[in-house]
Each structure stands twice: as structure tokens, then as C-alpha cells.
Enquirer: 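I have a structure here, written as C-alpha cells, and I will follow up with some questions on it.
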Amino acid sequence: MSSKPEAPEKGKDFIRQIIDRDMESGKYHGRVHTRFPPEPNGYLHIGHAKSICLNFGLARDYQGKCNLRFDDTNPVKEDVEYVDSIREDVRWLGFGWDNNFYASDYFEKLYFIAELFIKMGKAYVDHQSADEIRENRGTLKEPGKDSPYRGRTVEENLALFRSMRAGELADGACILRGKIDMAAPNVMLRDPALYRIKHADHHRTGGAWCIYPMYDFTHGLSDAIEGVTHSICTLEFENNRPLYDWCVDTLMEGLKQPELFGENAPIYNELAALPGFTDRPRQYEFARLNITGTVLSKRKLIQLVKEGFVNGWDDPRMPTISGFRRRGFTPESIRDFCERIGVAKADSMVEYALLEACLREDLNKRAPRYMGIMDPVKLVIENYPEDREDVFEIALNPEDESYGSRKVPFTRELWIERDDFMEEPPKKFFRLGPDREVRLRGAYYVKCTGYEKDADGKVTLIRATFDPESKGGWLEGGRKVKGTLHWVSARHAIDAEVRNYGSLFTRENPNAVDEGKTFTDYVDPDSLTVLPGCKVEPAMADMAPGANFQFERTGYYCADLRDHKPGQAMVFNRTATLRDTWAKIQKKTD
RNA sequence: UGGGGCGUCGUCAAGUGGUAAGACAUCAGGUUUUGGUCCUGACAUUCGGGGGUUCGAAUCCUCCCGCCCCAGCCA
């Protein structure tokens, strides 16, 4: 039993509070059903991870359900490549869906619902051009004007809509509009488009349709069809909520008039039996995620990929799920991040440092440690015989003994880090310098006896002697040494390429652009640094692609998913640096 | 005087009329065979601002200020 008081439980977010109330009032008969509804028109990013953690997390916490539903109502933008990647990313994050549906599953039902709306006098076919519709929509401050086609009869509208479906009309010839209120202060309600003509193949339904439903018409009805109770989306959809409600309400009203279905009684029965019509879905909105130093809109990410600013959707500099995965972020760290940022309605910009903190906390516990030299310089131990070799057993993870150890060979010639040596070390530098002694991690104390430079003044070789009494890095009761360096036996070293990543953008908020600029003007051309000549210890030879590890004293890395081939090419991505107080001290003294 | 939202520490964020949680960041110390980890301590007398109600207000009322969203046949 702990004498420490329990940490106060963090208050529930506003959505959980709403659900608690709904549970208490029995509103949904104890049911919680959410959905994650991406349009398959791009790869998922970390903003989607927030939504995924929220929606699937709600289902988990309330023993409810969460559907994955592809909002695939615009065939010209969508592709199976994206649906595959989305499914992969959701699974990788550690979530499983109760159902995987598509809005296109409901095209037939939605069509009948549209006809129902027409029969109810709630929708009409408008032959105005797109320009005319825009002009007649009015402005934010002035009401719109009714379309001249607004008064068409039910029969005329029905015939026209059927001819739209039959493919008798060209793209743009007309649209189906909801008949709401052209003077509504909420512009969304000024007779919104419900269906448009698009003679385009759909990635799932092929050429079966040439009219496609709009988002607002589709979304609420799909939720109702699936029995979704809490439909959670981001803030920019707040203005759409009245329209969401209008669609659902109109359907429910229509279902009270079975005679309107006529020969389509089976569809009526099917719709009327759906849980969504007793447990009516409600939409709630939360603030989308923003992170410093990156962009989080699909449109912008598509642009970065298509215009070649990055090497694909999974470029480790991309804020996509696949980018973070390739960069070496773990699903655990991303989930933890999503939990820590919370869910609220205030626009916010989360510091990237929090994501890194989540990653470090996870990997500090779990990542095996190795030694790797990023910028190698030769260290020769002059009193260590050429033919001698020690093999040290060094713990793989000082945080967790169960990880065991790896064998690390030590020989006369070693590689050490160039910046671990200074010809004229300043006060607080406790690494190697002339006549200085340091510990080589897990091996011996060594003392610098000299060094060589080339014509440019670059150090080419460092000489030292070792103390045989300090085997394992200890000198029982003897001299203490402040610095501990990482090293790799030159004879045993494996060559490796290390890729370091900085922020993709030079600005903390690349969305805020100066006059005449665009966000791509702030892409940092030096955000990727390739170190081709790194030396790593032989125990890493079998490292599998995707494996996370720590280079001691340097950072967390992973073997690249695409280019790392054990035995052929060692390619490592730096996920995050270790916290570096030495760097801070240096900065201060500058 | 178009409508809809939102303003609590540098950044997120609890708080729901009873006297400002927590995390990240930052700073100061200790431990340490990673300048890592870990540990300890510091860090909002005040909640966008002004009035008001109340014994008591971040929470209620009121006026003001600031930021975000909406005029796609995108989602």
C-alpha cells in the first residue's frame, strides 16, 4: 500500500461527459457506437490518429462499437491505394474495427432516400448553372434568392432525378437540392446540394452510378443506417450540424409515411428497422490537432508528395502515420500522445516536443542499446597489442535486465566520435583531449597521449594508452573519470548509413504565411541529413527492418523499413535525439 | 447588430459557485559506466478585459475585446 496520495484522476473530456449523461439517462439504451470516417483520398496523418484514438477509445471504454467507414462519395478523388493504407494505419495504431463499411455501400439506400425527400417536397432538381447558384446563394450578410426551379412539382422532380440517375444528363446540367431556406443565416442551409452528376468510375462501384451523393446528405444518413450514436468530427463541421440534423429528421419524418415508398416497401422496411431511427445519432465536434513545425491538412500533404518536396507519403519527415512509422515512432507513443493532448473545443497548437517526449518515454523502457559512431575518427591504443582482443558483455538495456547483453569486441584500433575529442577543451567539456582520461563504455579507461592532423587542421587520428586495471570500465577504489565515450572496434565495425531528420519546415507554423508566400516556401531543404560513413558494432548485424533501438549517448533510431537489408545495407533513421544537456550548456556559453 | 464556435501558466489541459490538478517545456540541485534515465525542488495570489450578483466567482449575469469556422455541383 502506498502512503502517497493517489494522483487525482484527470477529468473526462467533454465528449465523455456527454456520453456519461446519455448513459445515465438511458438515451441510447446503454449503447455507444462511434465511427471513424476518412475519405480515401490520401494517407492518414497524426491528426487522424487523434480522431482514431478518440473514436475507437470511446468504443473500448464504454464497451461499445466503432466502425471504420470510408466516406467515398467523390470518385474522382479516391483510390483503393488510400483505402489499403488507411486500413493498415488504423491496425498499426493498435485498433480493430467492429465493421468496415463504405458510404458507397449505401448508394442504393441513399438514392431511395433522395426520392423520398423529393416525394416529401423536401428536395428539387435545380437547372441553374454552378455560377448562378453561387450568385443566388447570397452572401454571409445578405440572404439568397430562390431558384426559378424551386417550385417544380414532385412529379417533375422525380422524373428529372430519375433521368439524372439514368445517365441522360451531362455533368453539371443540374443538381438535386434540399429545399430548406434561401434566407437562412447559416449559409449551409440555403438549399444545399444533395446529389450531383459525375460520369466517373468509382473505385468500388465502378460505372454503376453517374450521380453521387454529397457529404452532408450522406454522412448523417450513413450514421443512422449504421446505428451510430455519437458522430464525432472536427470543429469546421459545426456549421454542418443543422444540416446533418435536417437530413436525419427529414428521413425519420418520411419513414412515418410508408405510402410514399409505394413499390419500394422492402427498402422502407429495411430502413425503418435500422437502429438509427430509434437511437438517433448526434454530431459533436472537437478541435483538430495542430503540431508545431508541420502541416496537417490532406491537401497540403498531397502537395508535398506530388510536387516532390518529400520522398513519398511515408517520408520520415511527413506527419503521416506511415511517415511516423518509418521514422521509428511506436504506436504506443502515438497513442500516449493522443491521450496526453486531450480533447477539447479550443483551437490549439501542440508542441512537437510533447510527441518526442512520448516517444522517449516509451523507448527508454524498451529500446535495446548499441554503440554507433556517426562521424568516426580513429583511436589507437598504443599499449594494446595488435593481436589481442577482449570481448565485453554489455547490457542491452540498463532499464531492464531481462534484455540480457550483447558481445562487444575491443581491439587496438577503435572508432570514436569526432566531437568527443577537442584539442583545446573548455572547462565543462569532460570528454577526450590532450592528456585527458575518459572511460570507454563497458571497456577500459584510456588516456590521450597525442593526435595527428592533416593539412586542413582536421584531426585524423588520436593516440591513447589504456589502463589494464580498469577492465569493464571500473577502477575499484581508484581514479574517477567524468566522461564515458561510445566506441566501436575498427576491425569489427559494420558500415552504416544514418539518416537524420530535422523539421520539414523552417517555421513553427508553416500555415501562417507572409504576403505572397505559400507554405511550401518554408520547406527546409536541409531537413534531411545523410551520414554515409557511420560505424556500428557487430551485434547489430541481424537488425530487422523496423526495429527500434538506441545509439547510446546519441538518440533513438530504427532500421529503415524500405532500404535497410541486414547483411547488405545498414540504413538507420534517427527517430529522436536523446535529451542533450551538453548541447544546452554549449548554447549558453556561445 | 449575418450565423456558428472558442478564450485558464511558454504549449496542451483539468476545473461544472467553496477559494487554480496534471503533463510537456524551462530553471536549480542530487544520483549515474549513456552530459541519457531516475530523484528532489522552483514555475498562474490568478483564469482575455470592465462592471455586477453572492458570505464566497475561472465557474452565474452584463458589456467589451480578441481568435477560429461558413458563401464547393470537396469532405
Side-chain angles (χ1 to χ4, degrees), chain A residues 7-13 17 37-39 41 71-74 76-77 126 128-130 133-135 137-144 171-177 184-190 192-198 211-212 214-216 218-219 233-242 285 287 292 298-299 337 339-358 360-361 364-365 369 371 394-395 398-399 428-431 439-443 472-474 481-486 550-555 577-585:
Chain A
E9 196 191 335
K10 179 176 174 172
K12 289 190 181 181
D13 59 64
Q17 292 179 23
E39 181 186 19
N41 67 341
D71 229 328
D72 55 348
T73 56
N74 187 356
V76 301
K77 289 194 173 179
D126 193 344
Q128 291 181 107
S129 69
I133 286 181
R134 189 181 325 112
E135 277 168 35
R137 186 150 27 224
T139 69
L140 295 179
K141 297 189 178 185
E142 297 157 23
D171 287 9
C174 55
I175 57 170
L176 183 72
R177 287 232 255 175
N186 179 351
V187 184
M188 287 282 170
L189 261 17
R190 318 243 260 232
L194 268 24
Y195 261 91
R196 76 290 215 184
I197 303 171
K198 261 186 208 290
I211 59 172
Y212 292 93
M214 300 289 291
Y215 163 83
D216 287 299
T218 307
H219 205 88
C233 61
T234 44
L235 249 29
E236 66 269 28
F237 290 98
E238 277 179 319
N239 298 313
N240 301 55
R241 191 185 339 127
E285 310 86 12
T292 56
K298 255 193 218 170
R299 198 210 99 221
F337 173 74
E339 231 162 81
R340 292 206 219 178
I341 56 177
V343 177
K345 296 196 75 159
D347 291 314
S348 61
M349 170 87 73
V350 178
E351 289 174 344
Y352 182 77
L354 180 59
L355 219 202
E356 280 190 314
C358 293
R360 292 193 188 110
E361 183 177 306
N364 177 52
K365 290 179 306 204
R369 270 64 164 174
M371 294 192 285
I394 303 181
E399 301 289 318
K428 286 183 178 167
F429 185 84
F430 31 83
R431 278 114 96 151
R439 169 171 38 236
L440 294 181
R441 167 107 234 236
W474 280 113
V481 106
K482 229 177 172 192
T484 300
L485 311 189
H486 57 284
Q550 182 195 100
F551 273 135
E552 286 203 71
R553 300 214 300 136
T554 308
T577 61
L578 254 31
R579 284 186 66 217
D580 189 351
T581 45
W582 169 237
K584 279 181 192 166
I585 292 168

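Every chain is numbered from 1, with letters handed out A, B, ... down the list of sequences.
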Enquirer: Any donor-acceptor pair under 3.5 Å between the side chain of A:Glu351 and the base of B:rG10?
Expert: yes
Enquirer: Within the 4.5 Å heavy-atom criterion, are A:Leu485 and A:Met371 side-chain neighbours or not?
Expert: no
Enquirer: Are OP1 or OP2 of B:rG15 and a side-chain N or O of A:Lys12 less than 4.0 angstrom apart?
Expert: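 So the side chain of A:Lys12 is outside the cut-off, no N or O lying under 4.0 Å from OP1 or OP2 of B:rG15.
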Enquirer: Would you indicate whether the side-chain heavy atoms of A:Lys12 and A:Gln17 approach each other to under 4.5 Å?
Expert: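 Yes. Closest side-chain heavy atoms under 4.5 Å.
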Enquirer: Identify whether any heavy atom of A:Pro398 sits under 4.0 Å from a base atom; if not, whether one sits that close to sugar-phosphate; answer base, sugar-phosphate or nothing.
Expert: base
Enquirer: Can you identify which nucleotide, out of B:rG36, B:rG35, B:rA14, has its nearest atom closest to the A:Ala344 side chain?
Expert: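 Within the option list, the nearest is B:rA14.
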Enquirer: Provide the distance between the two C1' atoms, one in B:rU8 and one in B:rA23, to the nearest whole Å.
Expert: 15 Å
Enquirer: NA contact type, A:Arg431, heavy-atom cut-off 4.0 Å: base, sugar-phosphate, or nothing?
Expert: base
Enquirer: Can you check whether any acceptor in the base of B:rG36 is under 3.5 Å from a donor in the side chain of A:Arg360, or vice versa?
Expert: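 A donor-acceptor contact between them is absent.
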Enquirer: Which letters describe nucleotides 68-75 of chain B, given B = protein heavy atom under 4.0 Å from base, S = only from sugar-phosphate, - = neither?
Expert: SBBBSBSB
Enquirer: For A:Leu578 and for A:Ala287, find the nucleotide of RNA chain B with the closest heavy atom, then tell me which residue's nucleotide is more 5'.
Expert: A:Ala287
Enquirer: Heavy atoms only, 4.0 Å cut-off, all strands: where does A:Phe429 land among base, sugar-phosphate and nothing?
Expert: base
Enquirer: If the C1' atom of B:rA20 is compared with that of B:rA58, how far apart are they to the nearest Å?
Expert: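 After rounding to an integer number of Å, I get 8 Å for this pair.
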Enquirer: Report the distance from atom CD of A:Glu285 to atom P of B:rG4, rounded to the nearest whole Å.
Expert: 14 Å
Enquirer: Picking from B:rG36, B:rA25, B:rG35, which would you name as closest to the side chain of A:Phe430?
Expert: B:rG35
Enquirer: Regarding B:rU34, can its base be found pairing with the side chain of A:Arg441 as donor and acceptor, where the two atoms are less than 3.5 Å apart?
Expert: no
Enquirer: With rounding to whole Å, what would you report as the distance between B:rC24 and B:rC39 at their P atoms?
Expert: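 One P to the other, the span is 10 Å.
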Enquirer: Under a 3.5 Å limit for both distances, which nucleotide forms a Watson-Crick or G-U wobble pair with B:rG29, could you say?
Expert: B:rC39
Enquirer: Looking at residues at least two apart in the chain, or sitting in another chain, which of them share a ring pair (Phe, Tyr, Trp, His ring centres under 6.0 Å) with A:Trp582?
Expert: A:Phe429
Enquirer: Rounding to the closest angstrom, what is the interatomic distance between B:rG22 and B:rC9 at atom C1'?
Expert: 12 Å
Enquirer: Should B:rG72 be called syn or anti, with syn set as within 90° of 0?
Expert: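 Glycosidic conformation of B:rG72: syn.
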Enquirer: Separation of A:Asn364 atom CG from B:rC39 atom P, in whole Å?
Expert: 11 Å
Enquirer: Tell me: NZ of A:Lys365 to P of B:rU34, nearest whole Å?
Expert: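 Rounded to the whole Å, the gap is 21 Å.
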Enquirer: Contact between A:His219 and A:Pro37 at the side-chain level, heavy atoms closer than 4.5 Å - yes or no?
Expert: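 Yes. Closest side-chain heavy atoms under 4.5 Å.
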Enquirer: Does some side-chain heavy atom of A:Arg340 sit less than 4.5 Å from a side-chain heavy atom of A:Val350?
Expert: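 No, every pair of side-chain atoms sits at 4.5 Å or beyond.
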Enquirer: Would you call A:Lys77 and A:Glu39 a salt bridge, taking side-chain N to carboxylate O under 4.0 Å as the test?
Expert: no
Enquirer: Is the phosphate of B:rA14 approached by A:Gln17 (side-chain N or O, under 4.0 Å from OP1 or OP2)?
Expert: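 Negative; the distance criterion is not met.
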Enquirer: So what does A:Lys482 hit on the nucleic acid, given a heavy-atom distance under 4.0 Å: a base, only sugar-phosphate, or nothing?
Expert: nothing
Enquirer: Would you mind telling me which of B:rA13, B:rG36, B:rU34 lies closest to the side-chain atoms of A:Thr581?
Expert: B:rG36
Enquirer: Taking CD from A:Glu356 and C1' from B:rC12, how many angstroms apart are they, rounded to a whole number?
Expert: 16 Å
Enquirer: Any side-chain heavy-atom pair from A:Thr577 and A:Arg360 closer than 4.5 angstrom?
Expert: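 A side-chain contact under 4.5 Å exists here.
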Enquirer: Nearest whole Å is fine: how far is B:rU34 C1' from A:His486 NE2?
Expert: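 It is 9 Å, rounded to the nearest whole Å.
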Enquirer: May I have the distance from A:Leu189 (atom CG) to B:rG2 (atom C1'), rounded to whole angstrom?
Expert: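 Roughly 14 Å, once rounded to whole Å.
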Enquirer: Quick check on RNA chain B: between A:Leu354 and A:Arg241, whose nearest nucleotide comes earlier from the 5' end?
Expert: A:Arg241
Enquirer: Using the P atom on both, measure B:rC65 against B:rA25 and round to a whole Å.
Expert: 39 Å
Enquirer: For the pair made of NZ in A:Lys141 and P in B:rG2, what is the distance, rounded to whole Å?
Expert: 5 Å
Enquirer: Evaluate the side-chain proximity of A:Arg369 to A:Pro398: yes if any heavy-atom separation is below 4.5 Å, no if none is.
Expert: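 In contact.
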Enquirer: Across the strands shown, which category fits A:Met349 at heavy-atom distances under 4.0 angstrom: base, sugar-phosphate, nothing?
Expert: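 Sugar-phosphate: the residue A:Met349, judged by heavy atoms under 4.0 Å, touches backbone atoms but no base.
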Enquirer: Which whole number of Å gives the distance between the P atom of B:rU59 and that of B:rG51?
Expert: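 Each nucleotide's P atom is 14 Å from the other's.
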Enquirer: Side-chain contact, heavy-atom cut-off 4.5 Å: A:Ile175 with A:Ile133?
Expert: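 When only atoms from C-beta onward are counted, A:Ile133 and A:Ile175 do touch, with a gap below 4.5 Å.
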Enquirer: Roughly how far apart, to the nearest Å, are B:rG36 and B:rU31 at atom P?
Expert: 13 Å
Enquirer: Do A:Arg579 and A:Lys584 make a side-chain contact, defined as non-hydrogen atoms from C-beta onward lying under 4.5 Å apart?
Expert: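 A side-chain contact exists here, since the closest heavy-atom pair is under 4.5 Å.
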Enquirer: Could you please name the partner base of B:rC67, counting Watson-Crick and G-U wobble pairs only when both distances are under 3.5 Å?
Expert: B:rG5
Enquirer: Applying the Watson-Crick and G-U wobble criteria at under 3.5 Å, what pairs with B:rU59? Answer none if nothing qualifies.
Expert: none
Enquirer: Provide, to the nearest angstrom, the distance between the OH atom belonging to A:Tyr352 and the P atom belonging to B:rC24.
Expert: 17 Å
Enquirer: Write down the distance separating the C1' atoms in B:rG7 and B:rU46, rounded off to the nearest Å.
Expert: 15 Å
